[in-house]
Amino acid sequence: MKKKTVRTRFAPSPTGFMHVGSAYQALLDYAFAKKNQGKFILRIEDTDQKRKVPGAEKKIYQALEWLGLEPDESPQKGGPFAPYRQSERLKIYRQYAEKLVKEGKAYYCFCSPQRLEKVRRQRQRQGLPPMYDGHCRHLPPSQVEKNLREGKPFVIRLKVPRNKKIVVNDLLRGEIVFDSNMVDDQVLIKSDGFPTYHLASVVDDHLMEITHVIRGEEWLSSAPKHILLYQYFGWEPPVFVHTPILRNPDRSKMSKREGHTSLFWYKKEGFLPEALLNFLALLGWSHPQQKEIFSLKEFISLFDLKDVSPLGPVFDLRKLEWMNGEYIRQMDDEELGRRLKEFLPRLKEEQVKKAAPLVKERIKKLKEAEELLAFVWEDIDYPKELLLQRGTDKDTAILMLKEAKKIVEEKWGKIEEIRDGLLSLIKEKDWNTGAFFMVFRVAICGKTITPPIVESLELLGKERVIERINAALEKLKT
RNA sequence: GGCCCCAUCGUCUAGUGGUUUAGGACAUCGCCCUCUCACGGCGAAAACCGGGGUUCGAAUCCCCGUGGGGUCACCA
């Protein structure tokens, strides 16, 4: 028997923003497909017209591109199973839904939203699960015909059998048995003619020959509906993998409310996509040699869905920050400079290049470079007392700056010589090294936390360095 | 509330019946390095949810509690 090509799909809804949890899903889809020389498919699930947001689909492409998870088939790229946008496949869903109706596995329902609401409330009062009461299940065909002819709005519902066991096979959890009496007669086709997720995803996953449905655990409880559909259609179901959902620090589902859930927030903050991916990979999975830092390529080669832990992990931003810092430090200066550019719009390209090695060991996120280097483009302002670092008195401070200025002017352009010059000056005058550099630092940058000060001088340029030393001297004299 | 899933340091996890005084990483704390801040190095503190079984022996297997989570839409 020929082994089927592994095909996974990432199937987001274009609702306006990309969740980190979605990125996690996409990573697993991608890694598993690539691991098995399979295909990674992007399908746009835009069946909810109310929630559709213009431009949202574009953001999905941008997100995948930023992450470096390129689909093999997508609405943009096309592929053998096009179209990959569900709104363009309406006829297909309708056709399959009607097939079910003909076979008595689904039925037209003409109940109004008001009636449904009433039924729900009633059942809840009785302590029953708030399900549909099956009112239209047994409408006589003549009545259905009549309603249809009259153009009464309708939906198509799945006819769920009573008193049956429905078994869902999940790769991570094994067999899960559901009582069909707990499964609602799910709407398959909405009154606007669009399918619901349940119908559309089953039909598409089958038609697109998806072998592994990897999705969040929140889908587990609706999985019996999907299994039932596969049975009704006589299709072989794919392997289901319900992956843990990411949690807030309070262990609730990572939502829009708390924490940072938008993938683009991470981009804006200056997280590197490769670091984010590495971090995500470590959620629910661990490297066989306990390595923390590894590439996407390495992840793919070692990854197996079976090894994913079913426990919903808390998304620990601090560990991500640490990891991002590791990636920044591993990067060569030139590459770091390129990535830093968009975060330092006030610096010239030359300056960014020079700044890269100075901030490299001091930032966890690219965005932090901005604050660290702000002294370069901002006018500095500080109280005079700030210059009197480590108990340095006014006269000493003045002397320090005067002497330092001489050396800087004389040796400008040669960092090593400036440093050596300052060091021997300190020795000669018997100053405290730390105190001297702090006074110098404040004079140049206006603050006590900066990149290495001697190396930072050329970011400012000779003129401004001298200017600032003069300004500091003025300040001290008043 | 019904149904379903889950349960090792604060967090991410290793561990698949004995090699475990339960290992690593982040975070925390201390020391060292040091021109500040960082980086780096060394070290400390820190966990098997509880109760029953099974077994010569359970973090590891079973059951029951407890706790957390998910889900109950013409949203995905």
Side-chain angles (χ1 to χ4, degrees), chain A residues 11-15 45-48 50-51 109 111 113 116-117 120 124 127-132 153-157 168 170 172-173 176-179 181-184 186-198 200-201 215-224 242 244-245 247 249-253 279 282-293 309-323 325-326 329 358-364 372 389-390 419 422-423 426 432-442 445 447-454:
Chain A
S13 290
T15 52
E45 310 225 320
D46 54 347
T47 55
D48 186 353
K50 291 184 287 291
R51 291 210 308 165
C109 170
C111 293
L116 294 177
E117 186 48 39
R120 252 194 294 276
Q124 248 158 357
L128 293 166
M131 293 161 63
Y132 179 60
F154 67 88
V155 299
I156 295 178
R157 282 181 187 275
V168 174
D170 180 85
L172 303 181
R173 300 153 220 269
I176 304 162
V177 181
F178 291 87
D179 178 352
N181 295 339
M182 305 302 303
V183 180
D184 204 356
Q186 183 59 239
V187 170
L188 263 21
I189 298 283
K190 299 181 253 186
S191 56
D192 64 2
F194 277 69
T196 56
Y197 167 87
H198 307 282
S201 71
R215 68 202 338 183
E217 193 191 338
E218 66 264 32
W219 291 105
L220 193 53
S221 49
S222 53
H242 292 94
I245 49 187
R247 310 283 185 89
D250 71 355
R251 296 223 159 261
S252 62
K253 185 175 172 178
F279 173 75
L282 242 15
L283 260 24
W285 184 86
S286 66
H287 190 285
Q289 276 94 52
Q290 296 284 92
K291 267 171 78 173
E292 301 281 334
I293 309 286
S309 147
L311 174 64
V314 171
F315 191 97
D316 183 0
L317 194 60
R318 287 178 307 184
K319 182 152 183 178
L320 205 212
E321 285 177 343
W322 162 77
M323 190 170 277
E326 289 288 306
R329 271 168 260 131
L358 301 185
V359 298
K360 193 174 190 170
E361 286 172 356
R362 275 159 252 272
I363 57 173
K364 290 194 162 81
L372 210 48
Q389 286 289 323
R390 304 208 177 173
R419 191 185 20 243
L422 293 176
L423 252 19
I426 290 164
N432 175 284
T433 312
F436 170 83
F437 278 109
M438 282 306 282
V439 171
F440 190 53
R441 182 186 318 282
V442 172
C445 303
K447 55 185 180 181
T448 55
I449 297 176
T450 76
I453 190 62
V454 177

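Side chains are part of it too, since the values below use all heavy atoms of this structure and drop only hydrogens, waters and symmetry mates. Chain A is the first sequence line, chain B the second, and so forth, proteins listed ahead of strands; every chain is numbered from 1. All figures in this text were calculated on a predicted structure; none of them were measured in a lab.
- With a cut-off of 3.5 Å on both Watson-Crick or G-U wobble distances, the partner of B:rA7 is given as B:rU66.
- Going from the P atom of B:rG70 to that of B:rA44 covers 39 Å, rounded to whole Å.
- Contact detail for A:L188 and A:R157: the closest heavy-atom pair is CD2-C, 4.2 Å.
- In the set B:rC26, B:rC74, B:rG69, the nucleotide with an atom closest to the side chain of A:R318 is B:rC26.
- Across all strands shown, A:G284 has heavy atoms under 4.0 Å from sugar-phosphate atoms exclusively, and none from any base.
- Within 90° of 0 lies the glycosidic angle of B:rC39, which makes this nucleotide syn.
- Taking side-chain N and O atoms only, A:K50 has no distance below 4.0 Å to OP1 or OP2 of B:rC74.
- Rounded to the nearest Å, the gap between the P atom of B:rU8 and that of B:rU13 is 9 Å.
- When distances run from any side-chain atom of A:R251 to the nucleotides B:rC12, B:rC75, B:rU36, the shortest one goes to B:rC12.
- Side-chain proximity of A:E218 to the nucleotides B:rC4, B:rA76, B:rC12 is greatest for B:rA76.
- The same atom, C1', is picked in B:rU66 and in B:rG50; the two are 7 Å apart, to the nearest Å.
- Within 4.0 Å of A:S13, counting heavy atoms only, lie sugar-phosphate atoms of the nucleic acid but no base atom.
- Here A:L220 lies in heavy-atom contact (under 4.0 Å) with sugar-phosphate atoms only.
- The separation between A:Y197 atom OH and B:rA73 atom C1' is 15 Å, rounded to whole Å.
- Looking at the side chain of A:P452, the nearest of the listed nucleotides B:rU13, B:rC35, B:rC39 is B:rC35.
- To the nearest angstrom, P of B:rG70 lies 9 Å from CD of A:E217.
- Taking the six-membered ring where the residue is Trp, A:F436 and A:F440 present parallel rings, their angle staying beneath 30° rather than reaching 60°.
- For the residue pair A:V454 and A:L422, the shortest heavy atom distance occurs at CG2-CD1, 4.1 Å.
- For the C1' atoms, the distance from B:rU16 to B:rU11 is 23 Å, rounded to whole Å.
- In a base pair of the Watson-Crick type (N1 to N3 plus N6-O4 or O6-N4) or a G-U wobble (N1-O2 and O6-N3), with each distance short of 3.5 Å, B:rU71 is matched with B:rG2.
- Residue A:T47 is in sugar-phosphate contact alone, with no base atom involved, counting any heavy-atom pair closer than 4.0 Å across all strands shown.
- Of the candidates B:rC75, B:rA73, B:rU71, B:rC75 carries the atom nearest the A:R51 side chain, counting heavy atoms from C-beta on.
- Comparing B:rA76, B:rC5, B:rU13 against the side chain of A:R173 picks out B:rC5 as the nearest.
- One can place CH2 of A:W285 at 19 Å from C1' of B:rU11, the figure rounded to the nearest angstrom.
- Residue A:C111 is classed as a base contact, given a heavy-atom separation below 4.0 Å to a base.
- With hydrogens and angles ignored, no donor-acceptor pair closer than 3.5 Å exists between the side chain of A:S221 and the base of B:rC4.
- Residue contacts for A:R390: at a heavy-atom cut-off of 4.0 Å it reaches the sugar-phosphate backbone alone, with no base atom in range.
- A:Q289 comes within 4.0 angstrom of nothing in the nucleic acid, heavy atoms only.
- Separating the CD atom of A:E292 from the C1' atom of B:rU13 is a distance of 8 Å, rounded to the nearest angstrom.
- Considering only the side chain of A:I449, B:rU36 comes nearest among B:rC12, B:rG2, B:rU36.
- Counting any heavy atom pair closer than 4.0 Å across all strands shown, A:S286 reaches sugar-phosphate atoms only and no base atom.
- In terms of position on RNA chain B, the residue among A:V177 and A:F279 whose nearest nucleotide sits closer to the 5' end is A:V177.
- Distance from the side chain of A:P130 is smallest for B:rA73 among the nucleotides B:rG24, B:rA73, B:rC74.
- When Watson-Crick and G-U wobble pairs are counted only if both distances are under 3.5 Å, B:rA58 pairs with no nucleotide at all.
- Minimum heavy-atom separation, A:I449 to A:R441: N-CD, 4.5 Å.
- For B:rG40, the OP1/OP2 oxygens have a side-chain nitrogen or oxygen of A:R329 closer than 4.0 Å.
- Here A:P129 lies out of heavy-atom contact (under 4.0 Å) with every strand.
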Go through it in stages, so that I can follow the logic: the residues are A:K319 and A:D316, the test is salt bridge (Lys or Arg N to Asp or Glu O under 4.0 Å), and I'd like the CA-CA distance, side-chain angles, deciding distance and then a yes or no. CA-CA 6 Å; A:K319 182 152 183 178; A:D316 183 0; over 6 Å; no
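- The nearest whole Å value for the distance from the NE2 atom in A:H242 to the C1' atom in B:rG69 is 15 Å.
- When rounded to the nearest whole Å, the span between CD of A:E361 and C1' of B:rU34 equals 12 Å.
- The aromatic rings of A:Y197 and A:W219 lie parallel to each other, with less than 30° between the two planes, well short of the 60° mark.
- The phosphate of B:rG69 (OP1 or OP2) has no side-chain N or O of A:R247 nearer than 4.0 angstrom.
- Of the candidate nucleotides B:rA7, B:rU36, B:rG70, B:rU36 has the atom nearest to the side chain of A:R362.
- Contact annotation for A:V187: backbone-only contact, meaning every heavy-atom pair under 4.0 Å involves sugar-phosphate atoms and none involves a base.
- Among the heavy atoms of the strands, none lies under 4.0 Å from A:P244.
- Remark: B:rG40 base-pairs with B:rC32; criterion is Watson-Crick or G-U wobble with both hydrogen-bond distances under 3.5 Å.
- The shortest distance between side-chain heavy atoms of A:Y132 and A:L116 falls below 4.5 Å.
- Annotation for A:R390 and A:G434: closest pair NH1-CA, 3.7 Å, computed over non-hydrogen atoms.
- With distances taken from any side-chain atom of A:D48 to the nucleotides B:rG10, B:rC39, B:rA76, the minimum falls on B:rA76.
- In this structure, A:D170 atom CG and B:rC5 atom P are separated by 10 Å, rounded to whole Å.
- Using a 4.0 Å heavy-atom distance criterion, A:K360 is classed as making no nucleic acid contact.
- Within the 4.0 angstrom heavy-atom criterion, base atoms lie near A:L116.
- Between A:Q290 and A:I363, the residue anchored closer to the 5' end of RNA chain B is A:Q290, taking for each the nucleotide with the nearest heavy atom.
- Side-chain atoms of A:R215 do not come within 3.5 Å of backbone N or O of A:A11 as any donor-acceptor pair.
- In this structure, A:K190 places its NZ atom 15 Å from P of B:rA73, rounding to the nearest Å.
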